[in-house]
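Data first, discussion second: the structure below is written as structure tokens.
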Amino acid sequence: MRINFQLTPLEDVIPWGAPNNLSLSWFGLTDGQYWIDLGETSLFEYSEHARTAGAGQYCDYQIVRLLEDILDMLPSIMEPVPPALVQYLSGDSGHAWEATRSRWASDQASWLDEDECWRLADLAGSLSHNRFLDSAYLSPSANILMWSDEKNVHIEWDNSQKVIDGKLAWTAVKGHLQIPRDEFIKEIESFHFRFIEQMAVRISQVVSGALPPEIRIDLQQLQAEHEERQNAFKLALSNIVSTPWDEVERAILAISAARNIETE
């Protein structure tokens, strides 16, 4: 696994705002491309069709968004999923369960009171919570799942329904890769510090006056935010989540039983 990125040259970063009111921030300065190499597969690589429709080769967005989302997920990713519950999260059976849960939620499970419905829904939803990488800011998005057992982190993707004009949007259509837990952590750490190092150079250039004078930027805030973001990986790694797995399993079984009753 290798998380790759390339910052847009500073002179090509497009500022925000109207021509007479241009500005940039630390977030805006992270504009660039990113992609994740998994062996012969690259996540966030656009298909040939998407490129003919105007996309670049890789996802074009603020790179820090990918880092923020992965660090936010990290505690949940690293919490091992019990073997009995993997079938409700991973692969085709996981997709089938999500469809079941969605239908149950839309039916409002009328045989239960509202509080019990919400309780079951929250517990069942905690299985997938923070294990799907958020990419809703992309059009189309990518469907990427990350979870772990006691030994490995599993990365799954299914972009078979992600299309542009009816044709596949991403080169990574459907697949699965598992990586030893320590290797996954090392790559997230590497991504974080490689990115922070490159941003440190960029911040130094901006502080030295590299931006056109018409682009407003708060240099003090810029430097303070950079200092704060340097600790993001350490903070994410120190966060611990503790899911009540027995309650989650009971909620899943209750929803499954309710759906079976409704369809009889």
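These figures come from a predicted structure and were not determined experimentally. Just so it is clear, the values below take in all heavy atoms, side chains as well, and ignore hydrogens, waters and symmetry mates.
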May I ask you to decide if [Y]'s main-chain N or O and [X]'s side chain share a donor-acceptor pair within less than 3.5 Å?
{"X": "His226", "Y": "Met199", "value": "no"}
{"X": "Ser25", "Y": "Gly28", "value": "yes"}
{"X": "Arg194", "Y": "Phe5", "value": "no"}
{"X": "Asn130", "Y": "Asp72", "value": "yes"}
{"X": "Asn143", "Y": "Leu145", "value": "no"}
{"X": "Glu249", "Y": "Leu85", "value": "no"}
{"X": "Arg216", "Y": "Asn21", "value": "no"}
{"X": "Ser141", "Y": "Leu138", "value": "no"}
{"X": "Asp69", "Y": "Leu133", "value": "no"}
{"X": "Asp218", "Y": "Gln220", "value": "yes"}

Rounded distance [0.5 Å steps], [atom1] in [X] versus [atom2] in [Y]:
{"X": "Thr8", "Y": "Gln62", "atom1": "OG1", "atom2": "CD", "result": "8.5 Å"}
{"X": "Phe191", "Y": "Ile188", "atom1": "CZ", "atom2": "CD1", "result": "8.0 Å"}
{"X": "Ser90", "Y": "His154", "atom1": "OG", "atom2": "NE2", "result": "7.5 Å"}
{"X": "His129", "Y": "Asp122", "atom1": "NE2", "atom2": "CG", "result": "10.5 Å"}
{"X": "Gln57", "Y": "Ser47", "atom1": "CD", "atom2": "OG", "result": "11.5 Å"}
{"X": "Leu219", "Y": "Ser208", "atom1": "CG", "atom2": "OG", "result": "9.5 Å"}

Report yes or no: do [X] and [Y] belong to one cluster of Ile/Leu/Val/Met/Phe/Trp/Tyr joined by side chain heavy-atom distances under 4.5 Å?
{"X": "Val86", "Y": "Leu177", "value": "no"}
{"X": "Tyr88", "Y": "Ile155", "value": "no"}
{"X": "Leu89", "Y": "Phe184", "value": "no"}
{"X": "Leu253", "Y": "Ile255", "value": "yes"}
{"X": "Trp245", "Y": "Met146", "value": "no"}

Quick test of your reading of the model: are [X] and [Y] salt-bridged, counting only N-O distances below 4.0 Å?
{"X": "Arg229", "Y": "Glu68", "answer": "yes"}
{"X": "Glu48", "Y": "Arg51", "answer": "yes"}
{"X": "Arg250", "Y": "Asp246", "answer": "no"}
{"X": "Glu98", "Y": "Arg101", "answer": "yes"}
{"X": "Glu116", "Y": "Arg119", "answer": "yes"}

| task | Classify the side-chain pair Glu45/Thr171 by whether it contains a donor and acceptor separated by less than 3.5 Å. | result | yes
Less than 4.5 Å apart, any side-chain heavy atom of [X] and any of [Y]?
{"X": "Leu67", "Y": "Leu71", "value": "yes"}
{"X": "Ile144", "Y": "Ser135", "value": "no"}
{"X": "Met73", "Y": "Asp134", "value": "no"}
{"X": "Leu74", "Y": "Asn239", "value": "no"}
{"X": "Val241", "Y": "Met78", "value": "no"}
{"X": "Leu127", "Y": "Ile252", "value": "yes"}
{"X": "Ser128", "Y": "Trp147", "value": "no"}
{"X": "Pro15", "Y": "Glu214", "value": "no"}

| Results of side-chain contact (heavy atoms from CB on, under 4.5 Å) for Glu227 - residues two or more places apart only | Gln230
| Summary of ring-ring contact (aromatic ring centres under 6.0 Å, His included) pairs that have at least one residue in residues 196-216, sequence neighbours excluded | none
Search all heavy atoms of [X] against all heavy atoms of [Y] and return the closest pair with its distance.
{"X": "Ala251", "Y": "Leu123", "value": "CB-CB, 3.7 Å"}
{"X": "Leu43", "Y": "Ala172", "value": "CD2-CB, 3.7 Å"}
{"X": "Thr30", "Y": "Leu7", "value": "O-CD2, 3.7 Å"}
{"X": "Ser126", "Y": "Thr243", "value": "OG-CG2, 3.9 Å"}
{"X": "Trp157", "Y": "Leu38", "value": "CZ3-CD1, 3.6 Å"}
{"X": "Ser256", "Y": "Trp97", "value": "OG-CZ3, 3.4 Å"}

| task | Run through Tyr34, Tyr61, Tyr58, Trp35 and flag the one making a ring pair (Phe, Tyr, Trp, His ring centres under 6.0 Å) with Phe44. | result | Tyr34
| said: As a quick check of understanding, evaluate side chain to side chain contact (heavy atoms under 4.5 Å, CB included) for Ile70 and Phe233, giving each step before the final call. | reply: CA-CA 10 Å; Ile70 290 178; Phe233 172 76; over 6 Å; no
Surrounding [atom1] of [X] (heavy atoms of other residues, nucleotides or ligands, distance under 6.0 Å), is the total greater than 12?
{"X": "Gln6", "atom1": "CD", "value": "no"}
{"X": "Glu11", "atom1": "CD", "value": "yes"}
{"X": "Glu228", "atom1": "CD", "value": "no"}

| request: If you link ILVMFWY side chains whenever their heavy atoms are less than 4.5 Å apart, which other residues fall into the same cluster as Leu168? By chain and number, please. | output: Val173
| Members other than Val163 in its cluster, when Ile, Leu, Val, Met, Phe, Trp, Tyr link by side-chain heavy atoms under 4.5 Å? | none
| field | side-chain hydrogen bond (donor to acceptor under 3.5 Å, both in side chains) against Lys174, all qualifying residues, sequence neighbours excluded | value | Asp92
| field | Qualifying residues under side-chain hydrogen bond (donor to acceptor under 3.5 Å, both in side chains), relative to Arg202, sequence neighbours excluded | value | none
| Worked verdict on Arg2 versus Ser190 for side chain to side chain contact (heavy atoms under 4.5 Å, CB included) | CA-CA 9 Å; Arg2 174 75 171 181; Ser190 171; 4.0 Å; yes
| message | Leu24 and side-chain contact (heavy atoms from CB on, under 4.5 Å): which single residue from Leu29, Leu222, Leu10, Asp31 fits? | response | Leu29
| task | Could you go through the side chain to side chain contact (heavy atoms under 4.5 Å, CB included) check for Met1 and Glu183 one step at a time? | result | CA-CA 8 Å; Met1 176 183 178; Glu183 291 185 18; over 6 Å; no
| task | Could you please spell out the steps behind the side chain to side chain donor-acceptor pair (under 3.5 Å) verdict for Gln221 and Trp26? | result | CA-CA 9 Å; Gln221 172 60 30; Trp26 197 95; over 6 Å; no
